[in-house]
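Presented below is the structure to which this report refers.
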Amino acid sequence: MERVIGIDLGTTNSCVSILEGDVPIVITNRGGYKTTPSVVAVTEAGKRLVGHIAKRQAITNAENTVYAAKRLIGRKWNSPQVKNSIMTSSYTIVEGPHNDVRIRLRDKTYSVPEVSSMVLQEMKVIAEDYLGEPVKKAVVTVPAYFNDNQRQATKDAGAIAGLDVIRIINEPTAAALAYGFGKDLDRTVAVYDLGGGTFDISILEIGAHGVFKVISTTGDTFLGGEDFDARIIDWLVSGFQQEHGIDLRQDRMALQRLRDAAEKAKCELSATRDTEINLPFIISTGRNEALHLQRALDRATLEQLTADLVERTVEICRQALADARLGVTEIEDVILVGGMTRMPAVQHTVATFFKREPNKSVHPDEVVAIGAGIQGAALVREKQEMILLDVTPHALGIMTFGSHFEELIPQNTTVPTARTKTFTTSRDDQTAVKILVLQGESTRADENELLGEFILTGLRRAAKGQVEIEVTFEINSDGIVSVQAKDLETGQAQSIQVTATSGLTQDEIKNMMSSAQDYMVERRTDERFEASKQEAETLIAEIERLFPEIERAVGSADFGRDALAKARSAVERTRKAIGNKTTDEVVQQVEQLGRTLRMFKGVVTRG
Ligand code: AMP
């Protein structure tokens, strides 16, 4: 049976899991960590770095290191969120050809799905190293609040990484799956997910026989741990400005160091009450004097600085309950997800609001990936043990006269779903209609997200109102939207995929896929070279250690002299092959050196 991995593609960290039999396994990366930073960098030499290694060099290479690409995925260039990211990012964000966003790293421009694909590719490799076989299929999670463009862009990222994303599932839903998997539960739960960049809350009913039904979901794609960090940074920067009259934000390196220090302090304050932020040589004055930043921060101050952010999550929880038409007391368990839920003030606020202590049985960093892995296995297994019923987080509709938004599929409708609406022509002999498809909660079309527009052409010529067109709007299990149109009289149908107005064309995706493949080939070759080089060097060291002894043993025998000369030239050739980085030759030489060493050892033991 084909293996499917589950990937939690996080704003800050990503995690990959697989179901082994009935046991969910979180796969550790080569460094021994269960989560990998969602950080991508390009070095001066043009080398791509992903994960911990990219994060570690961020300070010295801030301009070419991408953090939190998830905040930009599927966004339009002119959106307020992108403007915000441009102001706060250390890397350069530029406008793409389809009103989308691109990121400049060194001399190349990358689309956001491409950057995310690098993280996904890394997760794929982690899984492949563990399984010892190629992985092709994955379930990838997204915040429940992601709209169609963001989901589509995430799927594109998977495709670029060489993964067939067989399902996109919502993070809170995945968490609930992991929580309820294998237990015969019957209860209503809330999943409170505060991660690095986004906040989501979902209310679910977990029923007997493995039915997971989402009742409502809502959130904010621009509220997360980074906003907490930003508050600490503001506090540090303004303190420094008051003291020295220097704006640290002007210096990218200083800003990156501040960012790291702020996050570290925030995390420390989850465990201790006081911490010290110490950044020596943070900047130099115009007179070449080095200035240092040193400030104590206590938990109470952090809580004050971020109280409104925590309060915002409560407002959203209230909304989710109202949408589900449930009272707080009807929630029987609260599951915490995301690194930020380790903050005591967050836990305390959640407990106060829901009037119960949150559940501590699931690991907030791993639970989403585990849920994705469980769903992945369920999708390919024949036996149906689990049914997942999710909802659409946004209403879907079209623009009608006067820029009004006409809702066709309400928010929190169980997906997959389809709705049909009949339109009539509004002019005589009208042969085309333009339909704007939007997602959002506002009654004004321009305040909602434009998913796409299409023109239905080739209508029969007739008096106005005479041509009836039936349009079907569909949301599939991934939350992705498509639209079909049919001329009711002739039955002639036109199927139209809503091509997101932002995002990538199929050709672009193909090109990116092929460069991702090239990268992988190169990387595997590099790895093969490094491994054989190491092996060769070990063999050479052992052979060289034995040379004097062998020389003594063979004395002046021609045969022995010959063998020694051969061994010496094999060592020489290997060194040359290593120097030239010719992998195949190094591999060949390793075999040769192995034989030589065995022969040497034979001589030594006999001698
Ligand atoms: P996630 O997106 O779930 O990986 O969450 C990452 C966010 O959680 C980042 O903003 C981290 O700084 C934050 N985080 C991780 N550990 C802690 C902690 N012990 N206390 C507070 N925040 C944390």
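Sorted by first and then second residue, the ring-ring contact (aromatic ring centres under 6.0 Å, His included) pairs with a member in residues 307-331 form an empty list; sequence neighbours excluded. Residue pairs meeting the ring-ring contact (aromatic ring centres under 6.0 Å, His included) criterion with at least one member in residues 325-350, sequence neighbours excluded, do not occur.
Atom CG in Leu451 sits 4.5 Å away from atom CG in Asp148 (nearest 0.5 Å). Atom CD of residue Glu171 and atom CG of residue Asp200 lie 6.5 Å apart, to the nearest 0.5 angstrom. Within the model, atoms CD of Glu44 and CD of Gln57 stand 11.0 Å from one another, a figure rounded to the nearest 0.5 Å. Rounded to the nearest 0.5 Å, atoms OG (Ser17) and CD1 (Ile5) are 9.0 Å apart. Taken from CG in Leu163 to CD1 in Ile166, the straight-line distance is 10.5 Å, to the nearest 0.5 Å.
Side-chain contact between Arg312 and Asp220 is present, with heavy atoms from C-beta onward closer than 4.5 Å. A 4.5 Å side-chain heavy-atom check between Thr392 and Asn412 finds every atom pair outside the cut-off. In this structure the side chain of Leu293 reaches within 4.5 angstrom of the side chain of Leu258, judged on heavy atoms. Counting heavy atoms from C-beta outward, Ile206 and Val189 have side chains that approach closer than 4.5 Å. Between Ile233 and Trp235, the closest side-chain pair of non-hydrogen atoms is not below 4.5 Å. Using a 4.5 Å cut-off on side-chain heavy atoms (C-beta onward), Val142 and Lys155 make no contact. Between Asp333 and Phe354 there is no side-chain heavy-atom pair separated by less than 4.5 Å.
Lys70 forms no cation-pi arrangement with Tyr67, by the criterion of a distance under 6.0 Å to the ring centre and an angle within 45° of the ring axis. A cation-pi contact, defined as under 6.0 Å to the ring centre and within 45° of the axis, links Arg48 to Tyr519.
Enclosure of atom CZ in Phe281 is not indicated, since only 12 or fewer non-hydrogen atoms of other residues, nucleotides or ligands lie within 6.0 angstrom. No more than 12 heavy atoms of other residues, nucleotides or ligands lie within 6.0 Å of CZ in Arg273, so this atom counts as exposed by the packing criterion. Counting non-hydrogen atoms of other residues, nucleotides and ligands closer than 6.0 Å to NZ of Lys355 gives a total of 12 or fewer. Residue Met520 places its CE atom among more than 12 non-hydrogen atoms of other residues, nucleotides or ligands, all under 6.0 Å distant. Counting heavy atoms of neighbouring residues, nucleotides and ligands inside a 6.0 Å radius, atom CD1 of Ile53 does not exceed 12 of them.
The residues Arg356 and Glu330 are annotated as not salt-bridged, no charged nitrogen and carboxylate oxygen being separated by less than 4.0 angstrom. Comment: Arg167 engages Asp478 in a salt bridge, judged by a side-chain N to carboxylate O separation of less than 4.0 angstrom. Taking a cutoff of 4.0 Å between a charged side-chain nitrogen and a carboxylate oxygen, Asp251 and Arg257 do not qualify as a salt bridge. Ion pair Glu449/Lys76 flagged as a salt bridge, since at least one NZ, NE, NH1 or NH2 atom sits closer than 4.0 Å to an Asp/Glu carboxylate oxygen. Electrostatic pairing of Glu114 and Arg102 does not count as a salt bridge here, judged by no charged N lying under 4.0 Å from a carboxylate O. Under 4.0 Å is where a charged nitrogen must lie from a carboxylate oxygen, and between Asp229 and Arg259 no such pair does. One finds no salt bridge joining Asp129 and Lys124 here, because no Lys/Arg side-chain nitrogen approaches an Asp/Glu carboxylate oxygen to under 4.0 Å. The existence of a salt bridge linking Glu122 and Arg523 is confirmed by a sub-4.0 Å separation between a basic side-chain nitrogen and an acidic carboxylate oxygen.
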Steps toward side-chain contact (heavy atoms from CB on, under 4.5 Å) verdict (Ile282, His292): CA-CA 5 Å; Ile282 185 80; His292 316 295; 5.7 Å; no

Step-by-step side-chain contact (heavy atoms from CB on, under 4.5 Å) determination, Leu177 to Tyr179: CA-CA 5 Å; Leu177 274 183; Tyr179 159 87; over 6 Å; no

Side chain to side chain donor-acceptor pair (under 3.5 Å) between Tyr145 and Thr198, intermediate numbers included: CA-CA 9 Å; Tyr145 219 57; Thr198 55; over 6 Å; no

Stepwise salt bridge (Lys or Arg N to Asp or Glu O under 4.0 Å) check, Arg231 with Asp308: CA-CA 11 Å; Arg231 293 295 168 83; Asp308 62 307; 2.6 Å; yes

Val125 and Arg30: CA distance, side-chain angles, deciding distance, side-chain contact (heavy atoms from CB on, under 4.5 Å) verdict: CA-CA 10 Å; Val125 168; Arg30 283 181 197 173; 4.2 Å; yes

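Of all heavy-atom pairs between Ile374 and Pro24, the closest is CD1-CG, 4.4 Å. When all heavy atoms of Ala157 and Leu120 are compared, the pair lying nearest together is C-CD1, 3.7 Å. A pairwise comparison of heavy atoms in Val139 and Ala372 identifies CB-O, 3.6 Å as the closest pair. Minimum heavy-atom separation, Gln121 to Ala161: N-CB, 3.8 Å. Closest approach of Ile232 to Ala262, counting heavy atoms only: CD1-O, 3.5 Å. Taking each heavy atom of Pro172 and Leu204 in turn, the nearest pair found is O-CD1, 4.4 Å.
No donor-acceptor contact under 3.5 angstrom links the side chains of Asn149 and Gln152, judged on distance only. For the 3.5 Å distance criterion, the side chains of Thr173 and Asp390 qualify, holding a donor opposite an acceptor. In the model, Asn99 has no side-chain atom that pairs as donor or acceptor with a side-chain atom of Arg75 under 3.5 Å. If you check the side chains of Ser14 and Ser38, you find a donor sitting under 3.5 Å from an acceptor.
Test His98, Lys83, Glu95 against Trp77 for side-chain contact (heavy atoms from CB on, under 4.5 Å) and you get one pass: Glu95.
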Going by atom type alone, with no hydrogens or angles, which donor-acceptor pairs under 3.5 Å involve a side-chain atom of residues 314-327 and a protein atom two or more places apart or on another chain?
unit_1: Glu315; atom_1: OE2; unit_2: Arg318; atom_2: NH1; d: 2.6
unit_1: Gln319; atom_1: NE2; unit_2: Asp323; atom_2: OD1; d: 2.9

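In summary, the aromatic rings of Phe222 and Phe199 are positioned with their centroids too far apart to meet the 6.0 Å limit.
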